[in-house]
Amino acid sequence: MINIKFPDGNVRQFAAGSTAMDIAASISEGLARNVLSATVNGTLTDRNLPITQDATIALHTWRDQQGKETFWHSTAHLMAEALEALYPGIKFGYGPAGENGFFYDVEPPEGQAISSDDFPKIEQKMLELAREKNDYVRQEVSKADALAYFTEKGDEYKVELLQDLEDGTITFYTQGGFTDLCRGPHIPNTGAIKAVKLMKVGGAFWRGNEENKQLTRISGISFPKAKELKEYLEMLEEAKKRDHRKLGKELELFMFSEKVGAGLPMWLPKGHQLRQRLANYLEKKQEAAGYQQVTTPHIGKKDLYVTSGHWAKYGEDSFQPIKTPREGEEFMLKPMNCPHHCEMYKFRPRSYRELPLRLAEFGTVYRYEQTGELHGLSRVRGFTQDDAHIFCTPEQVKGEFLAVVDIVQEVLGMIGFDDVTAQISLRDPETPDKYIGKEENWQIAEQSIIDACKEIDMKTVTAYGEAAFYGPKLDFMVRDALGRSWQLGTVQVDYNLPERFELEYIGPDNEPHRPVMIHRAPFGSMERFTSILIEHTAGKFPLWLAPEQYVLLPISEKFNDYCEELKTKLAAQDIRGLVDDRNETIGRKIRDNELKRIPFLLIVGEKEMEAGGVALRIQGEGDKGTMSLDNFISFFQEQL
RNA sequence: GCCGAUAUAGCUCAGUCUGGUAGAGCAGCUGAUUUGUAAUCAGCUGGUCGGCGGUUCGAAUCCGUCUAUCGGCUCCA
């Protein structure tokens, strides 16, 4: 017998050699039907792989991400099988599952190309093969046999992948007539794949290296039910409608100009108001939490960035130094605020009594992002970080960390994001030379984050290789109204800059000590945050953020003056809005202002003027009937 | 930065393949209308067809180049 421990901590005994499937069956028939794969002792495996020793196990179904990814990975193999049938001689590179579907990088036979026009016939072939209900069969093979197989087949990319693998760890998976080099796991049978949609075709370099040959990447998604595919496609339609680049233009929030330059957003009046309200709200929270607001210039001497280490790391790829009439003098547009804040720390000697010192700045920075990377407001070359640097003692790190997480949770909740995850971003253990700073400091920093995360009330995940080059981070991710996941701000522990800038404080022992620096930005940047907020809300911002909270709609010009009076009264209550006094029908005014996502439309005609009230119409909900102005004001204040 | 595509009125788009100097709807302006819960009617204005260069008797249309945008890739202090 072996002991199997479940995620909830329960331990049960099973016969040695039981599979995840057997274990699922012992829980319920439904689970046995739906289980797709399992994580056994931290490794994702097939559901029918015998377990011979005590283990911890998590069962995966279509409901969780690992289950989905197993399903999609298997679909990638199914697509490969279809492609091989349709394009004999096609060569295969990588074919993994991702967060949202799968792809396969392939090289079509000489002289042939695959375009989106070919998708229907590939999809059809895939479904045809799926209906054969072929099992995915796992097989352990020797390196020599594996090499022989793919050399014979002429799959040079697979042969290359095999070179890096060790004998004894190599497995093949076969379904129907298609065999692939694959670590697995896979779903048991192709029959589960009921709906398939190929989404995109594009280029991708073999192994992500632009020196290598470019392969054709075909990506798609699949589902166990046709209905789920339909819902997914509807979600994509909705996402298109909410695209912040489209809404930004329609709602007149921000713009770009070819003349000003790529990636340099300009906030129009309504966008500026929105951004300012977000910033003011955060600033108030920060002041309450002991932050002090500061302002620093947009440029700094090149030397500042030589000291910080950023020149060596990013100098070549940055906006190049600004020259002055003076020989040899060079300034850089600031790509981050930390060096300025470090100098501010050094303004005078610091005592341990004034730590933690929390310097906050809505600091605008400039980074020369690659041309192909620019994207609306979410990836730009000039942006404003909701930045702050906390200088503290090593003992204070954990407490400061927890306080930052508190602010982030409160602020994001207020703005309407309730599904927040914290990602612990650590070094990639395989590439230690990518990072600067002492090994010892890295270990302390990584450990403080891990320790702090044990105490926070937030979902956490760990990601290796996602750390910044100078320190580990905690990244905040939100799930939006369409279920998409976005990365927002970060908290980063930094032992490196205090070294480089030789920051010190005098401790209770009357000796100098080195402070720790924590970088943090809950939104990340105002630009990126706004882009996510626009897509999350589809432009229907929370009432307190809406640039205009109401529009008064006079039914005819006779009521314009009365509306102006109402506007004054509402302004006295800090309720902001406009009168739509255009010479248009009421139907037209309603339509135009509904499309502008105005939260409340106040319609005023004969009846309302006589009664001294308004007829309320709520955005997206329609007519709510007539009420007095005072009643509207109290209703408004309740909604706020 | 790399691969591929696109750029025509404020917006959304037709015209480009097959060269003969532009068209629609909406927006805007003017007038009529004075409106009761998602588009009132009529008239008018508006474009060196992204910039520069080339081919040609003639270029929105063909070629080159630059800029910007879009979809991927790589990247993201």
Side-chain angles (χ1 to χ4, degrees), chain A residues 103 105 113 115-116 199-219 243 245-246 249-250 252 255-264 305 308-315 317-318 334-339 365-376 378-381 383 385 387 436 466-471 473 487 490 492 494 496-497 519 521 524-525 528 553-560 582-596 601-608 615-626:
Chain A
F103 66 79
D105 288 346
S115 82
S116 51
M199 307 297 294
K200 284 171 195 151
V201 56
F205 295 107
W206 168 236
R207 310 193 107 177
N209 185 336
E210 55 184 83
E211 319 250 297
N212 287 339
K213 192 158 182 176
Q214 194 160 36
L215 303 181
T216 303
R217 174 167 298 180
I218 306 173
S219 15
D243 189 316
R245 293 168 297 184
K246 179 171 171 283
K249 201 182 273 182
E250 283 173 15
E252 300 193 351
M255 63 167 285
F256 292 89
S257 147
E258 192 179 325
K259 257 200 167 106
V260 170
L264 300 172
Y305 303 101
S308 72
H310 292 101
W311 172 257
K313 179 88 180 171
Y314 292 103
D317 305 318
S318 305
K334 69 173 173 188
M336 81 287 301
N337 305 299
C338 356
V365 299
Y366 299 90
R367 298 179 184 176
Y368 192 77
E369 304 293 357
Q370 297 184 71
T371 42
E373 278 313 311
L374 303 174
H375 180 92
S378 43
R379 195 74 191 277
V380 290
R381 286 178 169 166
F383 57 96
Q385 296 178 306
D387 212 356
I436 60 171
E466 292 292 315
F469 76 92
Y470 54 78
K473 325 185 265 182
Q487 192 190 320
T490 65
Q492 311 180 0
D494 184 350
N496 180 52
L497 277 186
H519 311 248
S525 77
R528 187 172 160 74
L553 308 183
I555 282 191
S556 82
E557 284 173 6
K558 281 186 287 191
F559 311 106
N560 284 0
R582 292 176 303 160
N583 177 7
E584 287 294 346
T585 59
I586 192 66
R588 178 53 177 270
K589 291 183 188 182
I590 286 168
R591 178 182 156 80
D592 288 352
N593 287 292
E594 284 273 349
L595 290 175
K596 281 158 79 181
L601 299 185
L602 305 176
I603 294 148
V604 174
E606 199 66 48
K607 280 186 297 189
E608 289 76 20
L616 173 65
R617 195 188 152 101
I618 299 180
Q619 208 280 335
E621 293 180 32
D623 189 9
K624 296 286 162 186
T626 302

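Naming: A, B, ... by sequence-line order, numbering from 1 per chain.
Taking the C1' atom of each, B/U6 and B/C13 are spaced 14 Å apart, rounded to whole Å. Taking atom P in both B/U8 and B/C70, one finds a spacing of 14 Å when rounded to whole Å. Across the C1' atoms, B/G28 and B/U61 are found 30 Å apart, a figure rounded to whole Å. Between B/U37 and B/C44, the distance separating the two C1' atoms is 31 Å to the nearest Å. Across B/U34 and B/U69, the matching C1' atoms stand 45 Å from one another, rounded to whole Å. Nucleotides B/U48 and B/C11 are separated by 13 Å at their P atoms, to the nearest Å. Separation of the C1' atoms belonging to B/G10 and B/U55 is 35 Å when rounded to the nearest angstrom. Rounded to whole Å, the C1' atom of B/U16 lies 13 Å from the corresponding atom of B/A7.
At whole-Å resolution of the value, CZ in A/Phe205 and P in B/C75 are 12 Å apart. Rounding to whole angstrom units, CZ of residue A/Phe469 and P of B/C75 are separated by 16 Å. The nearest whole Å value for the distance from the CD atom in A/Glu258 to the P atom in B/C52 is 12 Å. Atom pair A/Gln370:CD and B/C3:C1' shows a separation of 14 Å (rounding to whole Å applied). Here the P atom of nucleotide B/A68 and the CE atom of A/Met255 are 15 Å apart, to the nearest Å. Atom CZ in A/Arg528 sits about 14 Å away from atom C1' in B/C75, given to the nearest Å. Spacing between atom CZ of A/Phe256 and atom P of B/A68 amounts to 12 Å, rounded to whole angstrom units. Remark: P of B/C73 and CD of A/Gln214 are 11 Å apart, rounded to the nearest angstrom.
With a cut-off of 3.5 Å on both Watson-Crick or G-U wobble distances, the partner of B/G46 is given as none. Pair assignment for B/U6 gives B/A68, based on Watson-Crick or G-U wobble hydrogen-bonding distances that are each under 3.5 Å. Under the Watson-Crick and G-U wobble criteria, each requiring two contacts below 3.5 Å, nucleotide B/C41 is paired to B/G31. Checking B/U21 for Watson-Crick or G-U wobble geometry (two distances, each under 3.5 Å) identifies no partner in any strand. In this structure B/A60 sits in no base pair that meets the Watson-Crick or G-U test at under 3.5 Å.
Residue side chain A/Arg217 does not reach the base of B/C73 through any donor-acceptor N/O pair under 3.5 Å, judged by distance alone. In the interface, the side chain of A/Arg207 is not paired with the base of B/C73 through any donor and acceptor atom under 3.5 Å apart.
The shortest side-chain heavy-atom distance between A/Arg217 and A/Lys200 does not fall under the 4.5 Å cut-off. Proximity of A/Phe103 to A/Ile218: side-chain heavy atoms (C-beta onward) are nowhere separated by under 4.5 Å. A 4.5 Å side-chain heavy-atom check between A/Ile436 and A/Lys313 finds every atom pair outside the cut-off. No side-chain heavy atom of A/Asp623 sits under 4.5 Å from any side-chain heavy atom of A/Ile603.
By the salt bridge (Lys or Arg N to Asp or Glu O under 4.0 Å) test, A/Lys213 pairs with A/Glu107, sequence neighbours left out. With sequence neighbours left out, A/Asp494 forms a side-chain hydrogen bond (donor to acceptor under 3.5 Å, both in side chains) with A/His519.
A/Tyr314 comes within contact range of at least one nucleobase, with a heavy-atom separation under 4.0 Å. Within 4.0 Å (heavy atoms only), A/Arg245 reaches sugar-phosphate atoms of the nucleic acid but no base atom. Nucleic acid contact class of A/Tyr470 (heavy atoms, under 4.0 Å, all strands): sugar-phosphate only. In this structure, A/Lys249 reaches the sugar-phosphate backbone alone: every heavy-atom distance under 4.0 Å involves primed, P, OP1 or OP2 atoms, never a base. Across all strands shown, A/Lys200 has heavy atoms under 4.0 Å from sugar-phosphate atoms exclusively, and none from any base. At a threshold of 4.0 angstrom between heavy atoms, the contacts of A/His375 are confined to the sugar-phosphate backbone, with no base atom among them.
The two residues A/Asn212 and A/Phe205 come nearest to each other via the heavy atoms O-CD2, 3.5 Å. Scanning both residues, A/Gln492 and A/Ala468, for their nearest heavy atoms gives OE1-CB, 4.0 Å.
Listed nucleotides B/G50, B/C76, B/A77 differ in distance to A/Arg379; the shortest reach to its side chain belongs to B/C76. Which of B/G71, B/C75, B/G1 sits closest to the side chain of A/Thr371 comes down to B/G1.
Each of A/Ala262 and A/Lys313 has a nearest nucleotide on RNA chain B; the 5'-most of these lies closest to A/Ala262.
Cation-pi geometry between A/Arg381 and A/Tyr366 is not satisfied (NZ or CZ under 6.0 Å from the ring centre, within 45° of the ring normal).
Of the possible donor and acceptor atoms, none in the side chain of A/Lys589 sits under 3.5 Å from a partner among the backbone N and O of A/Ile555.
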Per-nucleotide protein contact string for nucleotides 35-45 of chain B (B base, S sugar-phosphate only, - none; heavy atom under 4.0 Å): BBBBBB-----
